Amino acid sequence: MKRTVYVFSGGQLKREGNTIVLISEDDKRVIPVEAISEICVFSEITLNKRLLEFLTQKKVILHFFNHYGYYVGTYYPREYMNSGLIVLKQVEHFLNPSLRLGLARSFVYGAIANMLFVLRVYSSRGCCLENQIRAIEDKLSEINTAREIPSLMSVEGAAREIYYSAFDEIIGDPDFSFEVRSRRPPANRLNALISFGNSLLYSTVLSEIYRTHLDPRIGYLHETNQRSFTLNLDLAEIFKPIIVDRVIFSLLNRREIKANDFREDLGGIYMLEKGMRKFIKAYEERLSETIKHKRLRRKVSYRRLIRLECYKIYKHILMDEVYTPFVRTR
């Protein structure tokens with residue numbers, strides 16, 4: 001599988017012959033275009049139309065993140081697997097309240113069930129999480145009684161609040177206490193880690209959607225409005241607990257991320273570049289990690305699981321097969 005390139009050096013990103021180069025003040029880095037699927041830019045770079053044409057030709061996506069590690073936007077090359085039929089079916093499922101609610105329920109079920117999986121893993125390792133597990137199990141039963149998207153999102157939000165309340169027990173480090181979920185700006189180091197990891201996951205899911213017939217602008221749980229992409233937000237909910245949160249717990253429990261990997265700025269706490277690099281390394285390792293897929297009866301990576309989830313949505317909207325979200329059970 002092609003890899004993701006992360007750019008932290010400022011300079012000029014340009015096409016040079018049949019490859020891409022990053023030219024900084026004292027370095028020139030060659031990025032073999034045939035070996036990459038996406039580029040994530042965290043620094044100040046300049047680029048030109050010739051490069052964008054080349055990226056389009058090679059189907060390479062360019063994601064941009066700001067100075068604080070937040071996702072800013074994407075250069076999304078011209079669709080090459082677009083299908084009028086799929087767009088029509090996606091719209092049909094969005095405009096039909098019953099069909100939309102059905103898909104949204106599946107996303108919420110997948111998200112909450114994977115939160116439960118993570119809590120049970122750490123409970124089996126000695127963490128005292130029985131109260132949170134019982135409370136989230138109760139939330140599962142509320143999914144089918146929610147009759148509208150806002151009430152469904154309320155169920156998911158309440159479950160996630162309970163789930164986050166378990167983080168202090170799992171991490172056990174006063175330097176990374178949870179307190180309350182805060183986003184812009186993150187009020188503490190743990191919130192900075194969660195926000196950064198979620199930003200990475202949104203871009204990863206978007207890249208996987210690009211390689212299918214699906215249109216990422218049409219989501220079902222998150223409102224399809226003036227926002228560019230929403231289907232990636234829907235799918236990311238399922239994978240946050242088992243990818244982003246597991247990366248955070250591993251980094252903190254192994255003491256790889258420390259308090260000096262963060263800084264205060266504009267009333268918030270943000271990761272330094274050295275912290276982002278540590279996180280990205282662990283994140284890429286997690287995406288490459290394989291698990292046994294029950295249905296396929298072979299090992300697949302987490303990145304591949306995200307692509308498979310897209311294909312399941314594709315079959316669902318064509319009425320070929322009812323969508324069931326991926327849930328880790330062991």
Side-chain angles (χ1 to χ4, degrees), residues 1-5 33-40 55-63 71 73-96 99-100 102-104 106-107 109-111 114 198-222 224 227-240 242-243 284 286-288 290-291 293-296 298-327:
M1 187 170 275
K2 294 184 177 181
R3 65 189 178 90
T4 302
V5 169
V33 70
E34 302 293 350
I36 62 171
S37 59
E38 58 192 340
I39 302 173
C40 295
L55 294 178
T56 299
Q57 178 190 336
K58 297 298 181 182
K59 304 178 182 63
V60 175
I61 297 179
L62 195 57
H63 299 295
Y71 172 76
T74 295
Y75 173 69
Y76 202 68
R78 184 183 63 229
E79 297 277 0
Y80 69 106
M81 295 185 72
N82 53 355
S83 160
L85 174 63
I86 297 302
V87 173
L88 285 174
K89 289 293 182 183
Q90 278 189 255
V91 172
E92 182 180 294
H93 276 68
F94 179 82
L95 294 178
N96 183 312
L99 294 177
R100 180 184 173 191
L103 266 175
S106 296
F107 295 136
Y109 174 79
N114 281 325
N198 289 347
S199 285
L200 289 178
L201 185 61
Y202 295 145
S203 62
T204 299
V205 177
L206 180 60
S207 295
E208 293 305 313
I209 291 173
Y210 176 66
R211 299 179 197 289
T212 73
H213 292 291
L214 293 172
D215 189 320
R217 294 170 297 181
I218 306 168
Y220 301 94
L221 178 61
H222 293 84
T224 295
R227 206 160 29 187
S228 299
F229 308 115
T230 47
L231 186 58
N232 60 325
L233 305 184
D234 288 355
L235 286 171
E237 295 297 337
I238 297 169
F239 292 97
K240 282 177 184 175
I242 53 177
I243 295 179
E284 280 294 320
R286 183 66 174 174
L287 287 178
S288 301
T290 59
I291 60 170
H293 194 288
K294 281 191 291 187
R295 186 168 178 180
L296 298 179
R298 63 179 171 82
K299 288 188 171 183
V300 297
S301 68
Y302 278 99
R303 185 184 289 276
R304 186 65 182 171
L305 274 176
I306 296 172
R307 179 85 64 87
L308 292 174
E309 210 67 8
C310 297
Y311 293 145
K312 285 157 63 178
I313 298 293
Y314 174 89
K315 288 182 178 177
H316 177 91
I317 63 172
L318 289 178
M319 304 291 192
D320 284 345
E321 197 171 303
V322 175
Y323 172 69
T324 54
F326 172 78
V327 174

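Below, all heavy atoms of this structure are taken into account, side chains as well, without hydrogens, waters or symmetry copies. Just so it is clear, the model here is predicted, and its values are computed rather than measured.
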Between Thr290 and Arg303, a side-chain donor and acceptor under 3.5 Å: no

Which residues share a side chain to side chain contact (heavy atoms under 4.5 Å, CB included) with Ser207, sequence neighbours left out: Glu38, Ile61, His63

Where Pro216 and Leu206 come nearest, the two heavy atoms and their spacing: CB-CD1, 3.6 Å

Contacts of type salt bridge (Lys or Arg N to Asp or Glu O under 4.0 Å), residue Lys2, not counting sequence neighbours: none

Leu103 and Leu99, any side-chain heavy atoms less than 4.5 Å apart: no

With sequence neighbours excluded, residues passing side chain to side chain contact (heavy atoms under 4.5 Å, CB included) with Thr56: Tyr75, Pro77, Arg78

Where Ser301 and Ser288 come nearest, the two heavy atoms and their spacing: CB-O, 3.8 Å

Residues in side chain to side chain contact (heavy atoms under 4.5 Å, CB included) contact with Leu296, at least two apart in sequence or another chain: His293, Arg298, Val300, Leu308

Side chains of Tyr202 and Lys240 in contact at under 4.5 Å (non-hydrogen atoms): yes

Non-neighbouring partners of Lys312 that pass salt bridge (Lys or Arg N to Asp or Glu O under 4.0 Å), sequence neighbours left out: Glu309

Counterpart residues, ring pair (Phe, Tyr, Trp, His ring centres under 6.0 Å), relative to Tyr323 (two or more places apart): Phe107

Qualifying residues under side-chain hydrogen bond (donor to acceptor under 3.5 Å, both in side chains), relative to Tyr314, sequence neighbours excluded: none

Residue that, paired with His222, satisfies side chain to side chain contact (heavy atoms under 4.5 Å, CB included) out of Leu231, Asn232, Asp234: Asp234

Residues that Arg304 engages under salt bridge (Lys or Arg N to Asp or Glu O under 4.0 Å), provided they are two or more places apart: none

Atom pair CG/CD1 of Leu287 and Ile306 - distance to nearest 0.5 Å: 6.0 Å

Least distance between heavy atoms, Pro325 atom then Ser106 atom: CG-O, 3.2 Å

Heavy-atom pair of closest approach, residues Leu235 and Cys310: CD1-SG, 4.0 Å

Gap between atom CG of Leu55 and atom CD1 of Ile36 - 0.5 Å precision: 7.0 Å

Leu214 CG to Ile317 CD1 distance, which is reported to the nearest 0.5 Å: 5.5 Å

Heavy-atom closest contact (Gly110 atom, Val327 atom, distance): CA-CG2, 4.2 Å

With sequence neighbours excluded, residues passing side chain to side chain contact (heavy atoms under 4.5 Å, CB included) with Lys315: Asp320, Glu321

Smallest separation among heavy atoms of Phe239 and Leu201, with atom names: C-CD2, 3.9 Å

With Asn114 via side-chain hydrogen bond (donor to acceptor under 3.5 Å, both in side chains) - residues at least two apart: none

Partners passing ring pair (Phe, Tyr, Trp, His ring centres under 6.0 Å) against Tyr210 (at least two apart in sequence or in another chain): Tyr76, Tyr80

With sequence neighbours excluded, residues passing side-chain hydrogen bond (donor to acceptor under 3.5 Å, both in side chains) with Asn198: none

